[in-house]
*Asks:* 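Starting off with a structure, shown below.
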Amino acid sequence: MGRRELMNLGKKILNFSIGMLILLLVWQIIKIIGDYPEALLPSPVNVAHTIIEMIVDGTLLVHLQVSLGRFAAGYLLAIIPAVILGMLLGRMPRIWQIVDPIIQVLRPVSPIAWSPFIVLWFGIGNMPAIVIIFIAAFFPVLLTTVAGVKKVDKNYLKIAENMEMNRLELMVKIIFPAAFPSIVSGLHLALGSAWIFLVAGEMVGAQSGLGFLIVDARNTLNLSGVLAGIIFIGLLGFILDRLISLFERWVGSHWGISS
Amino acid sequence: MGRRELMNLGKKILNFSIGMLILLLVWQIIKIIGDYPEALLPSPVNVAHTIIEMIVDGTLLVHLQVSLGRFAAGYLLAIIPAVILGMLLGRMPRIWQIVDPIIQVLRPVSPIAWSPFIVLWFGIGNMPAIVIIFIAAFFPVLLTTVAGVKKVDKNYLKIAENMEMNRLELMVKIIFPAAFPSIVSGLHLALGSAWIFLVAGEMVGAQSGLGFLIVDARNTLNLSGVLAGIIFIGLLGFILDRLISLFERWVGSHWGISS
Amino acid sequence: SPSKQSSEDNPTIKIGYLPITHAGPLFLGDHLHNGQYDGYQVELVKFGSWPDLMDALNTGRIDGASVLAELAMKANELGIDLQTVALAHKDGNVLISSNDIQTTADLKDKTYAIPHKFSSHNILLNEMLKKNGMSYDDVNVVEMTPAEMPAALSENRIAGYVVAEPFGAIAVAMEKGKVHAHSDEIWPNSYCCIIVLHTDFIRNNKEVVQSFVNEYVALGKQADLKGDEVYDAFSKFMKVDRAVLELSMQWISYDELRVDEEEYNKLSDFMVEMGISDNPPTYKNFVDNTFIDGAS
Amino acid sequence: MMAEQMISVSGVTKTFTNNGKPTNVLDQVSFDMKKGEIVTLLGKSGCGKSTLLHIVGGFLKAEEGTVYLDNQLVQRPTKKCVTLFQQHNLLPWRSVLKNVGLGLEGENIPEDEKKVRVMDAIKLVGLEQYLHQFPHELSGGMQQRVAIARAFAMQPDVILMDEPFAALDTFNRYHLQDELLRIQTQMKTTILIVTHDIDEAVYLSDRVLIMSSHPGRIFKELEIQQTKPRDRTQGDFLYYRKKILEQFELSGTNKAPEYMI
Amino acid sequence: MMAEQMISVSGVTKTFTNNGKPTNVLDQVSFDMKKGEIVTLLGKSGCGKSTLLHIVGGFLKAEEGTVYLDNQLVQRPTKKCVTLFQQHNLLPWRSVLKNVGLGLEGENIPEDEKKVRVMDAIKLVGLEQYLHQFPHELSGGMQQRVAIARAFAMQPDVILMDEPFAALDTFNRYHLQDELLRIQTQMKTTILIVTHDIDEAVYLSDRVLIMSSHPGRIFKELEIQQTKPRDRTQGDFLYYRKKILEQFELSGTNKAPEYMI
Ligand SMILES: Nc1ncnc2c1ncn2[C@@H]1O[C@H](COP(=O)(O)OP(=O)(O)OP(=O)(O)O)[C@@H](O)[C@H]1O
Ligand SMILES: Nc1ncnc2c1ncn2[C@@H]1O[C@H](COP(=O)(O)OP(=O)(O)OP(=O)(O)O)[C@@H](O)[C@H]1O
Ligand SMILES: [Mg+2]
Ligand SMILES: [Mg+2]
């Protein structure tokens, strides 16, 4: 890492810290002005205590691992078939014209609404959370992959024809790499929405995980636990987003796409 | 409408119908193969009955109106300040660098997680649903507006300089129209996610609306009601999406952006 | 209706509830009087889950609720000023198990569902296990939305569940499960849901509260007769077959709604024993029997 | 005679439908190319040059007429006839080496020979220093060189080029035109170049086919008898230049109103 | 003499930092322009032509040196000096009429007069049929005409043009060059044109400033004494053409390896 990049990183961390400080300040001010009791709006100090406690006694680590595991499972299970299916459907406009409305009708339905059926088919424990994350991640990746495949530069296809490529070669050497930037932006989008639905996923019959932590804290009227959970979800979501942004930027620079 | 467009529309309706037919078929097949009792997975016919009943006795209309009203309120309340704020923040990179991490940390948190605090500040009834829809719509619009403003072609800004425009003119004549396609795509994105969170919003202390219809049906073990609700949410979401797509396409063609 | 106009300026009591048989007298009152009473009105506010109801109750968005006693006690412990004016019902809970569970010992290492940690259902489960020489840790207890329990049982995801009615009766009616134990076999006269009101509200509306409790007691007595009007009322609030409701109604009673100190302390002790509360409110601080005593 | 004929286009007609209105883009276009010849198609923007090239390359079907390549009817693109398009000729995710090697990947020849052929082609255009660079890291002129190298690496009978140097600045253009002539002299490939640049046509080609617009027709054929390499600043050059300009004025389309895209 | 001087650039130096490496793009550039003159800046891609134009227009600050416009120090862009950029000159959301009118919107003149000036400018470029069209509905040549009309509608002292015709095909380019000369003869506006096209420089300008690259310097100044309108196919034309080409070979940069973008 060069000196410039190091300075850049330093500046980002500073900005982040200032942002978080402002957030804390606003929170404390609301608390003071609204004069809310602890049971309704815990103070930053109390939430900090809760967080430290959770870190020290290890509960946090356990739930974190569980959540990340489920998230990884649901996300990976979603994106692999979504990309493959998207590549195929993107090349089959006739079929896509029929599949598209099906997806467009299913997509606006919140994964939460499906929960009775998810429990019916997938039971309780890890699976419902994984399924909900799957649903949340699958559609964005599928749609962006199809869109990406459709807008592959016609010239690339002509080059492939000129080289007398067969279908598999066409997919592997042309379609996939050409659609790759679109696919990655779909992965980014999907990561965000899947993470948002982690809480919803872990509400359905899960006994662990960050989402459960929030739900359980809420059930036991422990609002400082709810806020601690929110903070973890927010920070982790932020970190995941930055990681995939880095990947996206790398792809962009590699493909010669200026951001 | 020309003849070609009419034919096009006809083809779309046909594709949509085929898609829905396939969906119904899959549903019926799952029902038969899984041999699920009605109480666990209602058959299409029963759900159709439920839907007709709900239409005839007017409950549907009532809940639909309530939901659409809340949705419109939450969405409009979100997008107007989001666009204005986004235009300002897009032109203030220093401040944006600090605001951005705040948003990136708040965004991954599911609106559901906030529900104890939403009830605290906004009570029960319409407001929680409106607030959750607001949260779901606000961030996408803000982020795409800022991104749109940032990537306004430098030449347009130079033209404005050359014409000696003042700040207000710059905003109204250059920044807003130049960022408009981005803003509209943000509105599209926001519409989708806000609609998805309608169910979640109406789960929190609401006594009416499509989301409530689903939750209530679920609580009374009326799964055919749940499916009826899902179908309405899906169809309405589809229609809303198509409407804003039309608008987006109009903007695109007007701005000379080929889709 | 004509009575509505005259009652415009009457105070309104907002009562939160969940669509379960435990709030039966409220449903009956709504059915018979449409919420209009002499000098006051009752507005019933439905919630989808206990946490949703508690959010509204704690933040003062509703004046009172028919709510799990343990949850209300916990809220009080956390500083939310609530007072109990009556029991919502007595008994009325069954422990359901799948058809292949014969004895409680069969539940070992199986998954068993409860609606909420702060519930009498949780206590009932614990007591049942204790009575059979097992401990709470011998089963895998999960919290679940009541509506999903019958489905989970029928798909063998859980070995059984204990929850508010009519969710128990549904599994029995579907023949997906059976009654494993009645609450009165485990904990006679068990308390479950209670009627709580904000202390402020009580202080400022003493007469209204008195009439409300009077009415509730009367409705409870009527509901306990389990006549046709009761089923008509219930079917407005819970969309289940009459057969299921009839089954549920065999297990519940709505008379004798006074909170008894001895029983209350027993409940309180259970909570401490199970570790779900460190410092539950005392009978004196949490229960206000002046109204129910004035009613009889 | 027939054996020497590399490309034979006869009676090609093509109509496009835009917004429901059919426009006759190519009307009865016929021409031949001998082996080793460089021919340019010269015409204004929108006159149908690219369309014609696509038909010759096998990418588009003509409504009427036929195209023969080396006495075989062209029905789809083949490796025997490589096309360089107006833009986006390189795969941006492949390095120079891999872009040039693309055409040989499917070939049934030993890996070693492939490597040699690819490296030869890269040396031909003078890019041996940039093997592992990606297209976006190269200037526009270098990118065109990579595309040219790829075409020659495949050792095709014919190369079709669609305005290959239009996006370059004058000096780069001159440079690459010289390179192309040098390589073609060495390889003897038959090349059909589409251009709207009169100087380019005069400088590069053995024969210029002047196209008129709406509908696209071959209006005039002009043999350039100067020897190569030519001098851009010499009198003969000017003569052909003038002659072509006159032809365009004759064709009458110069005074026609500009059409819309 | 001084009163006649419209633009006076002296000792302009500019350095850009790319990836931490500073490159000297312009080095001590000085030149003057008289009122009503057409001057072209001729140079290869990347030699700093656009950078220099941006500095003259007031869009960029030079590290050293000054630019005077009509004896006033240039510190920011003004309406007195209108710049046409290399691309994206039109606002795509505005019709032809509104694009041309843009520069007059803030002006303190009666609406009627504004309308007349806008319509006059549009007539000047022959687009009165396309008033309500949007830029994307026009061909590239027509788009450039709209940009030119907008510049002239503002009646500036100076117009700066950055490769205004580079994106057009040869025939369109010829056409628009003629138009520009015609309009300039009428309006007497001082025009500075950046180009890499030798023919364009010879055809349009009273004076050609030849730039060398790395760092950008004015290497040579050449007065074109032919009267306008000029004949592209005539001997004199060829003479200047040859002279300029020789200059570039002299400048030595022709043989330098291509730099990367
Ligand atoms: N796929 C298509 N569908 C409809 N019309 C087309 C299509 N391709 C080309 N055209 C039209 O056909 C005409 C000729 O197009 P073509 O691209 O062959 O011209 P060209 O001579 O290559 O122009 P240029 O010099 O601008 O590349 C144009 O009017 C164009 O709009
Ligand atoms: N904003 C900038 N930051 C860093 N480097 C720049 C910037 N603008 C231009 N350069 C560099 O300065 C040099 C000159 O650029 P300039 O755009 O002035 O060249 P040009 O002569 O206009 O080229 P062309 O004919 O391609 O338009 C180039 O090497 C370019 O990479
Ligand atoms: Mg073309
Ligand atoms: Mg430039």
Side-chain angles (χ1 to χ4, degrees), chain A residues 11-12 15-20 22-23 34 36 40-41 97-117 120-121 136 151 189 192-193 195-200 203 211 214-215 218 221 223 226-227 229-231 233-238 240-242 259, chain B residues 11-12 15-20 22-23 34 36 40-41 97-117 120-121 136 151 189 192-193 195-200 203 211 214-215 218 221 223 226-227 229-231 233-238 240-242 259:
Chain A
K11 210 174 141 197
K12 274 188 186 157
N15 284 330
F16 179 79
S17 312
I18 296 175
M20 292 308 104
I22 292 175
L23 215 56
Y36 296 109
L40 296 184
L41 180 67
Q97 277 170 6
I98 290 169
V99 176
D100 186 41
I102 298 182
I103 290 172
Q104 297 301 343
V105 164
L106 291 178
R107 204 168 57 119
V109 180
S110 170
I112 311 166
W114 293 112
S115 59
F117 303 101
L120 173 62
W121 289 314
K151 72 163 195 260
L189 217 73
S193 41
W195 188 255
I196 289 182
F197 278 103
L198 184 72
V199 179
M203 273 169 65
I214 289 181
V215 174
R218 183 170 166 231
L221 306 181
L223 288 198
V226 171
L227 277 173
I230 285 179
I231 289 170
I233 296 243
L235 286 179
L236 242 86
F238 176 80
L240 285 173
D241 185 84
R242 288 293 126 131
S259 57
Chain B
K11 209 174 142 199
K12 273 188 187 158
N15 284 330
F16 179 79
S17 311
I18 296 174
M20 292 306 105
I22 292 175
L23 214 57
Y36 296 109
L40 295 184
L41 179 68
Q97 278 171 4
I98 290 170
V99 175
D100 187 40
I102 298 183
I103 291 174
Q104 298 300 345
V105 164
L106 291 178
R107 206 166 58 119
V109 180
S110 170
I112 312 166
W114 292 111
S115 58
F117 306 102
L120 172 61
W121 289 313
K151 73 164 195 262
L189 218 74
S193 40
W195 188 255
I196 289 182
F197 278 104
L198 184 72
V199 181
M203 274 169 68
I214 289 181
V215 174
R218 193 184 107 188
L221 285 175
L223 288 197
V226 172
L227 278 173
I230 285 178
I231 289 170
I233 297 240
L235 286 179
L236 244 85
F238 176 79
L240 285 174
D241 185 83
R242 287 295 126 133
S259 58

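Protein chains get the first letters and strands the later ones, always in sequence-line order, with residue 1 at the start of each. For clarity, every value in this text was computed on a predicted model and none was experimentally measured. When reading the values below, keep in mind they use all heavy atoms of this one structure, side chains included, and skip hydrogens, waters and symmetry mates.
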*Asks:* Please give me the minimum heavy-atom distance between B:R107 and A:I196, naming the atom from each residue.
*Replies:*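 Heavy-atom minimum between the residues: O-CD1, 3.6 Å.
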
*Asks:* Under 4.5 Å heavy-atom distance to chain B, tell me which part of A:R242 shows up: side chain, backbone, both or neither.
*Replies:*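 The side chain, not the backbone.
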
*Asks:* Need one label for B:K11: side chain, backbone, both or neither, based on atoms under 4.5 Å from any heavy atom in chain A.
*Replies:*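 When you check distances to chain A, only side chain atoms of B:K11 fall under 4.5 Å.
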
*Asks:* Where is the tightest heavy-atom contact between B:P116 and A:R218, given as atom of each residue plus distance?
*Replies:* CG-CD, 3.6 Å

*Asks:* Go through A:S110, A:G237, A:P111 and name the one with the most non-hydrogen pairs under 4.5 angstrom from chain B.
*Replies:* A:S110

*Asks:* What part of B:I103 lies closer than 4.5 angstrom to a heavy atom of chain A: side chain, backbone, both or neither?
*Replies:*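 No part of it gets close to chain A.
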
*Asks:* Counting heavy-atom pairs closer than 4.5 Å to chain B, which one of A:L106, A:L236, A:V215, A:L223 comes out on top?
*Replies:* A:L223

*Asks:* Under 4.5 Å heavy-atom distance to chain B, tell me which part of A:F117 shows up: side chain, backbone, both or neither.
*Replies:* side chain

*Asks:* What part of A:K12 is in contact with chain B, defined as an atom under 4.5 angstrom from a non-hydrogen atom: side chain, backbone, both or neither?
*Replies:*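 For A:K12, there is no contact with chain B at all, as no heavy atom is under 4.5 Å.
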
*Asks:* Answer yes or no: is there a side-chain heavy-atom contact under 4.5 Å between A:F16 and B:D100?
*Replies:* no

*Asks:* Looking at every non-hydrogen atom in both residues, tell me the closest pair between A:W195 and B:P108 and how far apart they are.
*Replies:* CD1-CB, 3.5 Å

*Asks:* Quick check on A:S17 against chain B: is it the side chain, the backbone, both or neither that has a heavy atom closer than 4.5 Å?
*Replies:*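 No part of A:S17 comes within 4.5 Å of chain B.
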
*Asks:* Shorter than 4.5 Å, heavy atoms on both sides: which option in B:I112, B:I230, B:D241, B:L198 has the most such pairs with chain A?
*Replies:* B:I230

*Asks:* Counting only heavy atoms closer than 4.5 Å, note whether A:V109 contacts chain B via side chain, backbone, both or neither.
*Replies:* both

*Asks:* Under the side chain to side chain donor-acceptor pair (under 3.5 Å) rule, collect the residues that match up with A:W121, sequence neighbours excluded.
*Replies:* B:Y36

*Asks:* May I ask you to name which of A:L189, A:V226, A:L227 has the most heavy-atom pairs under 4.5 Å with chain B?
*Replies:*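 Option with the top pair count is A:L227.
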
*Asks:* Specify which of B:I98, B:L41, B:I233 makes the most heavy-atom pairs with chain A at under 4.5 Å.
*Replies:*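 Highest number of heavy-atom pairs under 4.5 Å: B:I98.
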
